[in-house]
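FYI, the numbering just counts along the sequence from 1.
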Amino acid sequence: MAMASISTSCYNPVLCRSYVDKPATMKLRLLRFPLRFLVRALHRRSTATGKARGGHSAVGGGTHFTEWKEYSYHETATSRGASGGVPVFVMLPLDSVTMNNTVRRRRALNASLLALKSAGVEGVMMDVWWGIVEKDGPRNYNWSAYKEIIEIVRKSGLKVQAVMSFHQCGANVGDSCTIPLPPWVTEEMQRNPDIAYTDKAGRRNQEYVSLGCDTLPVLKGRTPIQVYADFMRSFRDTFKHLLGDVIAEIQCGMGPAGELRYPSYPESEGKWRFPGIGEFQCYDKYMMASLRASAHSQGKPHWGFGGPHDAGYYNQMPEETGFFQRDGSWQSEYGQFFLEWYSQMLIAHGEGVLAAAAGIFCGTGVTISGKVAGIHWHYGTRSHAAELTAGYYNTRSRDGYLPIAQMFAKHSVTLNFTCIEMRDVEQPAQALCSPEHLVRQVALASRKAGVRMAGENALPRFDEGAHHQIVQKSRLQMSEKGDNTVTHEELEPLSAFTFLRMGESLFRSENWSLFVPFVRHMEEGRTFHPWEEEARTVEIRVHATRPLVQEAASLMYH
């Protein structure tokens, strides 16, 4: 008889701690194991003696791991188990709340939510903008518009994924509006420019406060981590009666676009364009102080004067640089030191934010998640340059996602990953992209770490090909021997999928007629091969939702 699945939403006080001793963590993980997985894991451990935990080897164009020892599916606020479906959420427009803290297009929002509900959608994702809520001063929170939106969502019967958006909107792919950081924060950046990320030319990036000052009181006497924690605590106290019910998930913003990464490829001011390698963002005085200290600790003080001198510029290709080229200095002793330091600073930042969130939302019943960017360009090269400048120390010979997944697992945080909809054959050949291999690598790393994985599409896609790809990849039936290898494991699929994005395009008749069966396949855990009866059922649902969709489309931008 299998043990009952236990929610990971902090059911035991020991999980509320920011740092948990390893033996206790292992015991809790075993308690969450259904018996059949426990037996299987013990068998693997006994037969895998001598294998290094987390080992990897370079094969072909991607990174392949040794057999994972521990994995089980975990129940979440929305998951349906290993054989169940994947709940679909839809992102609300970025500007659903105005800078004046009012709800934009209420009638369109109401009609749109009813249409989504009738299509079988689980809920919506909503950016909760720091620059709007705390605009009027430190600890002066105004939640009025978000109270109204969440009430509208509640009445529609949908759930909410609330994103704690501590970044500026307007500098990344798909940003359709501009929402700056709170004025009092930008004033501090003007007074002390080094709290903004800085590239080697001294250009500042104000999308997100530099992680180099995470533990320093640079924001009116508080550290950035304290400011983020106070914001989340106020959200918890304001919406405590809805947490774990209407509000099913809290996603913690940890960088530009809400992702755990450096702003290495900013589109603003024409700095970067696809598929440029980007640039390291480590030249503010706080990051440089950390680099110098790390270099001194290694007995190599001359390594602490800056990042690699031959790493090129935003829009170069790897082979145009000395650092990222095939046999470049990224493999040197210095290169390995720098990349380890740069990536560890990012992971430490993520840990600080997620540890705070885990403590604040402990016992509320919500799922906590964080987003990792799907940087798929130059994945086919040895150095993986674009990933390195973003802070992911992932190369053909080194797995950079397992340490991130392990950090997420430490705090029972779901890893949300993008580019699930992309296929390798759709990408430009010169960019050496491989989104499919990247998704597979992150899925295997998540599985090895024992962390839940959720997904998003990186770009707005409404075609059947993208829907088909999402449905296939959502099952996470990925083997270490290759995606085409049959696996007999009962593996948890994506814990949720968030669709980009609600708008007039989604409600066009030709797009909606494809979106409805996509949601049905996801929620029922089906493969994408509808038969005649299924097609008739979907057509009935499409027809039934048509009046709501027409109303939503007509109101969306009026």
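With sequence neighbours left out, Ala373 forms a side chain to side chain contact (heavy atoms under 4.5 Å, CB included) with Glu259, Arg261, Tyr265, Ile375, Tyr392. Residues passing the side chain to side chain contact (heavy atoms under 4.5 Å, CB included) test with Asn315 are Trp272, Arg273, sequence neighbours excluded. Listed by chain and residue number, nothing satisfies the side chain to side chain donor-acceptor pair (under 3.5 Å) test with Asp245 (two or more places apart in sequence, or in another chain). The ring pair (Phe, Tyr, Trp, His ring centres under 6.0 Å) check on Phe338 picks up Phe280, Trp341, Tyr342, with sequence neighbours excluded. Tyr393 is linked by a side chain to side chain donor-acceptor pair (under 3.5 Å) to nothing, counting only residues two or more places apart in sequence or in another chain. Scored by the side chain to side chain donor-acceptor pair (under 3.5 Å) test, Arg236 finds no partners at all (sequence neighbours excluded). Remark: Phe408 pairs with no residue by the ring pair (Phe, Tyr, Trp, His ring centres under 6.0 Å) rule, at least two apart or across chains. With sequence neighbours excluded, the residues satisfying side chain to side chain contact (heavy atoms under 4.5 Å, CB included) with Pro275 are Met317, Trp377, His378, Ala431. For Phe235, the ring pair (Phe, Tyr, Trp, His ring centres under 6.0 Å) test picks out Trp143, Phe239, with sequence neighbours left out. In this structure, Ser383 has no side chain to side chain donor-acceptor pair (under 3.5 Å) partners at least two apart in sequence or on a different chain. Here Gln316 pairs with Ile277, Tyr313, Glu320, Thr321 under the side chain to side chain contact (heavy atoms under 4.5 Å, CB included) rule; sequence neighbours left out.
Between Trp330 and Phe323, the ring centre distance reaches or exceeds 6.0 Å. In this structure, the ring of Trp129 has its center less than 6.0 angstrom from the ring center of His167. Proximity of the aromatic rings of Tyr208 and Tyr262 is defined here by a centroid distance below 6.0 angstrom, and this criterion is not met.
Counting heavy atoms from C-beta outward, Phe89 and Leu158 have side chains that stay 4.5 Å or more apart. Between Met422 and Leu459, the closest side-chain pair of non-hydrogen atoms falls below 4.5 Å. Between Ser474 and Val86, some side-chain heavy-atom pair lies under the 4.5 Å cut-off.
Distance CG/Leu415 to OG/Ser369: 9.0 Å, rounded to 0.5 Å. A distance of 7.0 Å separates CG of Asp127 from SG of Cys169, quoted to the nearest 0.5 Å. The CD1 atom of Ile404 sits 8.5 Å away from atom CG of Asn394, with the distance rounded to the nearest 0.5 Å.
Counted by atom type alone, Asp399 and Gln441 present one or more donor-acceptor pairs between their side chains at under 3.5 Å. A donor-acceptor contact closer than 3.5 angstrom is absent between the side chains of Gln427 and Tyr379.
Between the Ser96 side chain and the Leu92 main chain, no donor and acceptor come within less than 3.5 Å of each other. Not a single donor-acceptor pair under 3.5 Å links the side chain of Glu279 to the backbone N or O of Ser264. Checking side-chain atoms of Glu122 against main-chain N and O of Val88 turns up no donor-acceptor pair under 3.5 Å. Side chain of His521 to backbone of Pro517: a donor-acceptor contact under 3.5 angstrom is found. For the pair Asp214 (side chain) and His349 (backbone), a donor-acceptor distance under 3.5 Å is absent. With hydrogens and angles ignored, the 3.5 Å screen pairs a side-chain donor or acceptor of Asn457 with a backbone N or O of Leu500.
Using a 4.0 Å cut-off between charged nitrogen and carboxylate oxygen, Glu524 and Arg520 count as a salt-bridge pair. Using a 4.0 Å cut-off between a side-chain N of Lys or Arg and a carboxylate O of Asp or Glu, Glu351 and Lys410 qualify as a salt bridge. Under a 4.0 Å N-O distance rule, the pair Arg475/Glu492 does not qualify as a salt bridge.
A side-chain hydrogen bond (donor to acceptor under 3.5 Å, both in side chains) with Arg461 holds for exactly one of His467, Glu421, Glu426, Gln469; it is Glu426.
For residues 360-386, the salt bridge (Lys or Arg N to Asp or Glu O under 4.0 Å) pairs, not counting sequence neighbours, are Asp327-Arg382, Lys371-Glu456.
Between Arg501 and Leu506, the shortest heavy-atom distance links the atoms O-CB, 4.1 Å.
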